[in-house]
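The next block holds one structure in the form of structure tokens; read it before the comments.
Order of listing sets the numbers, starting from 1, for every ligand and every atom in it. Heads up: numbering here begins at 1 and tracks the sequence.
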Amino acid sequence: MKQLFIMTVTAVMCFSCSNEMKNKSITENFNYKVDSFADLEVLRYQVPEFETLTLEQKKLIYYLSQAALCGRDILYDQNCRYNLTIRRTLEAIYENYNGDKTSDDYKLFEIYLKRVWFSNGIHHHYGEEKFLPGFSQSFFSEALKSVPESALPLAPKQTVDSLLIELIPVMFDPNVLAKKVIQDPNVDVILHSANNYYGSGVTQKEVESFYAAMKNPNDTTPISYGLNSRLVKENNRLVEKVWKVDGLYSPAIEQITYWLSLAEDVAENEMQKQTIALLIDYYKSGDLKQFDEYAVHWVQDMDSRVDFVNGFTETYGDPLGIKASWESIVNFKDTEATQRTVTISDNAQWFEDHSPVDPRFKKEQVKGVSAKVITVAILGGDCYPATPIGINLPNANWIRKDFGSKSVTIQNITAAYDKAAQGNGFNEEFVWSDRERTLMKKYGFVTDNMHTDLHECLGHGSGQLLPGVDPDGLGIYSSVIEEARADLFGLYFIADSKLIELGLLDDPDAYKAEYYKYMMNGLMTQLVRIEPGKSIEEAHMRNRSLIAHWVLEKGKDDRVIEFSKKDGKTYVVINDYNKLRTLIGELLAEIQRIKSEGDFDGAKEIVESYGVKVDTVLHAEVLERYKKLNLTPYKGFVNPVYEPVLDKSGTVVDIRISYTEGYAEQMLRYSKQYAFLPTWNF
Ligand code: ZN
């Protein structure tokens, strides 16, 4: 209803809102909420306009969506080598247990399994730490022993007892495989991280020198070294086990390529057909040169309505940012809302020229920033069930420089978040006054999407490295700095009158909704995602904390932004939005300098000073207040179900979409239908 409200009070419309208004295929009484447990809530998203696509486009989406689901088990194994065994063991208990299902232990067991599904493993999807079962070890042993042996994921010659001995410390001992991704600069982040990207005994030093030796500083088109393999030690030598057909994860990758080849046959145009063909070739060869070739084609395929991401893509799961987790998204362009991002990217050069960074760090010519608003049709791998709201790919720096990048805002997901959050009491609890609340109600959704657009289609694409600077030079701080850069770019320009001039916003005060929300989040409310006593680890959270705390400190003397108390509760108050914008510009200049010069010490200093630490008193207060609202800090999604409709001759005449599948139902179905990897894969 928020969108309708904006619609009636404003003259110039934001495309997103008018789009939503006119979009008759959005069901008003759609049930967004599916399930809720631990710190998680599972929602459902709509796929508006799916019915209006052509049969060929629907088939393309269907085949790509199958390919998107076939890689699910790869991610489980990448996250930790015990994940598949644990998930399959828990599922066997869930489906075969005949004991008392009303007992506390059993209820806690269900929650644990739901969490494992949500996180694609035993480590928190966001915090990266291992979460522990609430049920007892003895319950687990008894439940496991009550299950028929044939239902258990036993390795050849393995007994039920040895399975238990193997799994109990992994599940119950907080010190075993405690964290998926370690970011601590004082420890060996490879030896101590629980992910499965490196074989046992491989050290950080070894990884660093192994890949450093491959790099040629004069190569202007370097491949993404190490992106698609596990690095292991064999006979004291380091060897890459490549993820490809006939390599590691082959059974799943063969299925992915099978569905991709069906998709290739119904591609919308020659460019897309070639793109899919190149992806299949790369999956077969594992050759990263071919991956780049594919990416170069993919980024230039701008005309297709349907698009996808499928492959080893993002490197957040590897503390050194080398290895990529498997993910997939299938989507189609929201043509009307895309006008918004087209306007932004058509003006990319203006934004680059007017950004407050040192001219040496600016791109003289911004190339092909293609941006669109998309409707997601399926989420898979590392995008499921927790999903991003914006994506900008490819990641290879030279491809971005020479061919540009594709940037998307996923609007049916942000719409679902927005709808599900309406009336939840959060803003009433944490926002300083009605003035901010009114602004946020009016412009929150619009400016949030706008910030995502600016972050993705301008922020990540802006700026350049000085000649000779190693793109990996910022090491463990590279993700934080990169995200801070993109966020700051978005924050700086969302307050620019250029957006009014371009007709993207219609009120010079609209940006304040985003500023307030961002600062409140960075200084306070994002702490609901942190456990007491812990510091901030995740890159995006660190970047938000960094930005908010930096401007808080630098604006102290002018009281630009401050904490204030009311009825014993702490609030963020912004006194001077103009100065706040100036400070954001100054920080953008500094962060860009750090990135452009590859200043590792500068990155470390600023991240460790502003992005990591948590004020324990404020933290406790925020947690207490949040708890009373009965909300969950993390959300994810179940997918819709697509079903081919066949005529009598067996020809596909339509693809039907439905939204009724439940969370556990979907997870169990996926576990059966897309179980291509052996349990003991190591
Ligand atoms: Zn980003």
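- With sequence neighbours left out, Ala495 forms a side chain to side chain contact (heavy atoms under 4.5 Å, CB included) with Tyr511, Tyr515, Arg581.
- Residue pairs meeting the salt bridge (Lys or Arg N to Asp or Glu O under 4.0 Å) criterion with at least one member in residues 599-615, sequence neighbours excluded, are Arg593-Asp599.
- Between Tyr282 and Tyr294, the ring centre distance reaches or exceeds 6.0 Å.
- Within the protein, the number of N/O/S atoms found under 2.8 Å from the Zn ion (ligand 1) is 3.
- Among residues at least two apart or in separate chains, salt bridge (Lys or Arg N to Asp or Glu O under 4.0 Å) pairs with a member in residues 477-493 are Glu482-Arg485, Glu482-Lys595.
- What you find for His124 and Phe131 is that their closest heavy atoms are N-CD2, 3.5 Å.
- Using cut-offs of 30° and 60° for the angle between ring planes, the Tyr45 and Phe637 rings count as perpendicular.
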